[in-house]
Amino acid sequence: MPRGGERGLNGGLELALRCPERGWWVHPLLSGSKRPVGNCRRCRPPSTGARPACGFPDAEGCACREAGRYCHGVRAATRERELTQRWWRGNDFGVGVATGPSGLVVLDLDDHNRPPPDPALLLPGIDLTQHPD
């Protein structure tokens, strides 16, 4: 499964285009992060805890989604090739997968109350850019 760290101008786009081939819905992440790319000005809350003018997170009436913008993170996820190419072209975005619409279940076993184990004991993540199937 793609991780927030999957990035690079060509690698991110390549991975973002391959995920929908598996039926996975993708959306851009900030480079080197698990956070979705920021909202456009209209969709950004005017202050912490406030609701933006578009009504996000509901966003049903927001023109951004209809215009094909990614400013609603996982709610803007797509499987459309042309839209994916437009979002990633020229950007150093990571690849996020909307697990619910993609029919995926993810189990995250991070234990933030303990120090991480010895790196030699950790299982490596799967770099999907190295696995064409």
Side-chain angles (χ1 to χ4, degrees):
M1 177 137 230
R3 295 166 287 157
E6 301 294 349
R7 59 183 210 166
L9 290 177
N10 294 328
L13 175 58
E14 180 184 332
L15 181 58
L17 290 171
R18 288 203 349 241
C19 288
E21 292 172 1
R22 293 177 173 252
W24 298 351
W25 294 74
V26 296
H27 61 95
L29 299 176
L30 293 171
S31 179
S33 173
K34 294 180 182 179
R35 293 182 24 218
V37 175
N39 294 331
C40 68
R41 287 187 182 169
R42 184 173 186 278
C43 299
R44 193 175 299 136
S47 62
T48 304
R51 291 183 66 94
C54 74
F56 182 84
D58 304 322
E60 290 304 318
C62 182
C64 292
R65 290 177 58 185
E66 191 172 310
R69 296 187 190 106
Y70 51 73
C71 53
H72 288 280
V74 70
R75 290 175 178 84
T78 187
R79 291 188 303 183
E80 295 176 28
R81 186 173 186 82
E82 288 181 26
L83 187 56
T84 301
Q85 287 175 321
R86 190 172 80 208
W87 286 354
W88 268 267
R89 188 177 298 123
N91 292 304
D92 188 19
F93 291 154
V95 179
V97 173
T99 56
S102 299
L104 301 172
V105 176
V106 176
L107 181 60
D108 187 353
L109 300 175
D110 293 343
D111 186 353
H112 297 282
N113 296 321
R114 296 178 189 209
D118 181 329
L121 299 175
L122 296 177
L123 295 174
I126 299 171
D127 182 357
L128 291 180
T129 63
Q130 303 301 315
H131 300 278
D133 61 328

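In plain terms, the two heavy atoms of Gly12 and Val95 that are nearest each other are O-CG2, 3.4 Å. For the residue pair Pro20 and Arg79, the shortest heavy atom distance occurs at CB-O, 3.6 Å. Residue Leu30 comes nearest to Pro36 through the heavy atom pair CG-O, 3.8 Å, listed as atom of the first residue, atom of the second, then distance. Residues Ala76 and Arg69 come closest through the heavy atom pair CB-O, 3.7 Å.
Contacts of Arg81 classified as side-chain contact (heavy atoms from CB on, under 4.5 Å), with partners at least two apart in sequence or in another chain: Leu17, Glu21, Gln85. Here Arg114 pairs with Asp111 under the salt bridge (charged side-chain N to carboxylate O under 4.0 Å, His left out) rule; sequence neighbours left out.
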Can you check salt bridge (Lys or Arg N to Asp or Glu O under 4.0 Å) on Glu14 and Arg18, steps first, answer last?
CA-CA 6 Å; Glu14 180 184 332; Arg18 288 203 349 241; 3.1 Å; yes
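Taking the side chain as every heavy atom from C-beta outward, Leu29 and Phe93 never approach each other to under 4.5 Å.
One N or O on the side chain of Trp87 and one on the backbone of Gly68 form a donor-acceptor pair closer than 3.5 Å. Within the 3.5 Å criterion, the main-chain N or O of Leu104 finds no donor-acceptor partner in the side chain of Ser102.
Remark: Leu13 CG to Asp92 CG distance equals 11.5 Å, nearest 0.5 Å. How far CH2 of Trp88 is from CG of Leu83: 8.5 Å, rounded to the nearest 0.5 Å. The distance from atom CH2 of Trp25 to atom OG1 of Thr84, rounded to the nearest 0.5 Å, is 10.0 Å.
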